[in-house]
Structures are given as C-alpha cells and as structure tokens.
2 protein chains.
Amino acid sequence: MKYSKQRELVLKTLKESHKHLTAEELYHQVREVLPSISLGTVYRNLNLLVEKGEIRTLQAPDSPSIRYDGRQDEHCHLICNSCGKIIDIDIEIFDPFDALVHEKTGFTVAEHDLVLRGICAECLKKRRGT
Amino acid sequence: MKYSKQRELVLKTLKESHKHLTAEELYHQVREVLPSISLGTVYRNLNLLVEKGEIRTLQAPDSPSIRYDGRQDEHCHLICNSCGKIIDIDIEIFDPFDALVHEKTGFTVAEHDLVLRGICAECLKKRRGT
DNA sequence: ATAGCTGCAAAATGTTTGCGCGAAA
DNA sequence: TTTCGCGCAAACATTTTGCAGCTAT
C-alpha cells in the first residue's frame, strides 16, 4: 500500500479522538486540517484501515451509520440509554464463556462483539437527584 | 394500535421462519401469501413491532441491512465466519458480568447484545476433512 | 364517522464507484 | 514513468415519508 497524507490524517484523527465517530463526523474533523479531502476518500480509507485491522467498526443500535473505533484490540462497549455516551471497557473473562458455548453447540468462538446498554454513572446520579 | 392483516402476516412469517431475515427477504416471503403488500408497509410494520418489543433487530457484521429476529426474549447470536449461518443461543450467566461492569465503571446494565463470531460445528468438521 | 393503515412513488440517507488528474514509488 | 490514491460527481442500496384512498373500530 502506498502512503497518503489523507489516510494518515484519517487514522491519526480517529485514534486521537478516543471517540466512536461516523464517517461523516470524521470527515468534518479532518476537513479542519485538510479542507480539500473528500468524503469518498474518508470512506475508502476507513474501509482499508478496517481490512488491515488498524481500526474497528461498531454498529451502535439506533445509529443508522457505522461508527469507527481507533482501538485495535478487542474490547466491549457500554452505551448509555440516557445520554447516548459510548464507553470502552476491557473484559478478560471470555474464556469460560467460549468454553460453555463450545460445549453447548460445538461452535468455536474467534471474536466477541459485546454491546451493553443501560445507564451510566453520571446519568444515574442525575436521575436520583430528580 | 389497529389490527391489520399485513402486520399479522409480517409477524407470523418472521416468527415461523426461525431465521434472521432482512426487510427485503421478508418482503419476498410475505408476497407469496399477500402479493399486493408493499415494501414500505413491511418496513413500517417491522419498526412498529420492534417498538412494541415483539421482535428484535440484529446488525450482522458484513451485512448492510438490518436483520429482524422473531424472538422476543434476550439471547445471543453465533455467526459462522465460514458459512454465514446465524445461530441463536441462550446465555444465563450475565449476572456476574453485570456486577463486574458496575463495579468497574458504575454503569448499570439493562440489556446485553452479544454476537460471537467463529466456526460452526459443521464447517469445522468439513475443514478437518480437507 | 374517523383514526389509522395501505400501496405507491418520491425523497432521504448512507456508502460505493468510475473517471481523469496528480502524487508517491 | 508507472502505479495507486485522490477529488468529484454520479450511482447505488437501504430505509423513510407524503399522499390519497381504503379498512378496522
């Protein structure tokens, strides 16, 4: 793959944001640095980066667009039903889980995609205060 | 909500299929029974049924369309990376999980959306035979 | 009678792609 | 100089919506 400043910028911006941006959101961010970049280029590079395993995708329920995650390593997402915030969290206890699934179904698990929905600490506090 | 035979048919067809159909796929199935039904009506009713909690949605990775699941109760999905099959599975051990998440982050979990990817028993067998 | 649902077609949304030019190797 | 990525715009795929007529209550 050939170097391009557009791809470098897309990757850098996503990683440094520590958020779960849509292609459109990322497009607006990178345009502040490189105003000539096109939305098509953002999409093309995001797809390339996903294919190369440099970033991940996340399909948040109730969001029509795919969201992109700058973290390479497997992790879970907490989505607050109240404020919509998406929180990253590491889960290390999947092994007994996979063993159980294999025992029950013969299925060999390779990847986990876990999204938990509920109420984040801040929103719960606010709600209690009401 | 008013009764409609279109909605009843959409719900019945999805539940009896025991599959995870897209709106388009479901549209083709219901048209065999009610040829005059429109795709818009299928979408409208699926959205209504999701809102009422009668069915669920499932965003399978690598599928651009939303898939619909006739099961009302919370369950997990296994997706085979080899044949693409989607398998339903019940998981009863989420409680210690939720407790761990709460302890770590203060987040109160209400719903779980777990998709596991890997190789199903049949594909593994075939692969071993090769 | 009337509120709500339908079919139809158009619009809206999100993403991909073909093309000719310019930048990287 | 050749190859690949770019910007642009058009195409595409999926889902939603406005409207006028019909159906269940």
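For the pair A:Asp62 CG and D:dT15 P, the interatomic distance rounds to 14 Å; values are reported in whole Å. Taking atom CG on A:Leu9 and atom P on D:dG5, their separation rounds to 17 Å, with Å as the unit. Computed from coordinates, the B:Gln59 CD to C:dG14 C1' distance equals 12 Å when rounded to whole Å. Atom pair A:Glu8:CD and D:dC4:C1' shows a separation of 17 Å (rounding to whole Å applied). In this entry the distance linking CZ of B:Arg7 with P of D:dT23 reads 16 Å, nearest Å. In this structure, B:Leu21 atom CG and D:dT14 atom C1' are separated by 16 Å, rounded to whole Å. Rounded to an integer number of Å, the gap from CD of B:Glu24 to C1' of D:dT16 is 14 Å.
OP1 or OP2 of C:dT6 has at least one side-chain nitrogen or oxygen of B:Ser4 nearer than 4.0 Å. Contact between the side-chain N/O atoms of B:Gln6 and the OP1/OP2 oxygens of D:dT23 is not found at any separation under 4.0 Å.
A donor-acceptor pair is defined here as one N or O able to donate and one able to accept, closer than 3.5 Å; such a pair exists between the side chain of A:Arg7 and the backbone of A:Lys2. B:Glu74 places a side-chain N or O within 3.5 Å of a backbone atom of B:His112 that can act as its donor or acceptor partner.
Residue B:Lys15 places its NZ atom among more than 12 non-hydrogen atoms of other residues, nucleotides or ligands, all under 6.0 Å distant.
Between B:Met1 and B:Pro64, the one whose closest nucleotide on DNA chain D sits nearer the 5' end is B:Pro64.
Side-chain contact annotation: B:His75 with B:Asp90, donor-acceptor N/O pair under 3.5 Å absent.
Applying the salt bridge (Lys or Arg N to Asp or Glu O under 4.0 Å) test to B:Arg31 and every residue at least two apart in sequence or in another chain returns nothing.
Between A:Arg117 and A:Asp62, some side-chain heavy-atom pair lies under the 4.5 Å cut-off.
Residues B:Leu14 and B:Leu26 approach most closely at N-CD1, 4.0 Å, considering heavy atoms.
Within a heavy-atom distance below 4.0 Å of DNA chain D, the residues of residues 27-56 of chain A found are A:Ser36, A:Ile37, A:Ser38, A:Thr41, A:Arg44, A:Asn45.
Comment: A:Glu25 does not engage A:Lys19 in a salt bridge, judged by the lack of any side-chain N to carboxylate O separation of less than 4.0 angstrom. Using a 4.0 Å cut-off between charged nitrogen and carboxylate oxygen, B:Asp113 and B:Arg56 do not count as a salt-bridge pair.
A rotation axis mapping the C1' atoms of four pairs onto the next four is fitted at both ends of the helix from C:dA1-D:dT25 to C:dA25-D:dT1 over five pairs, and the angle between these axes is 30° to 10 degrees.
Side-chain atoms of B:Lys2 come within donor-acceptor range of the base of C:dA3, with a qualifying N/O pair under 3.5 Å.
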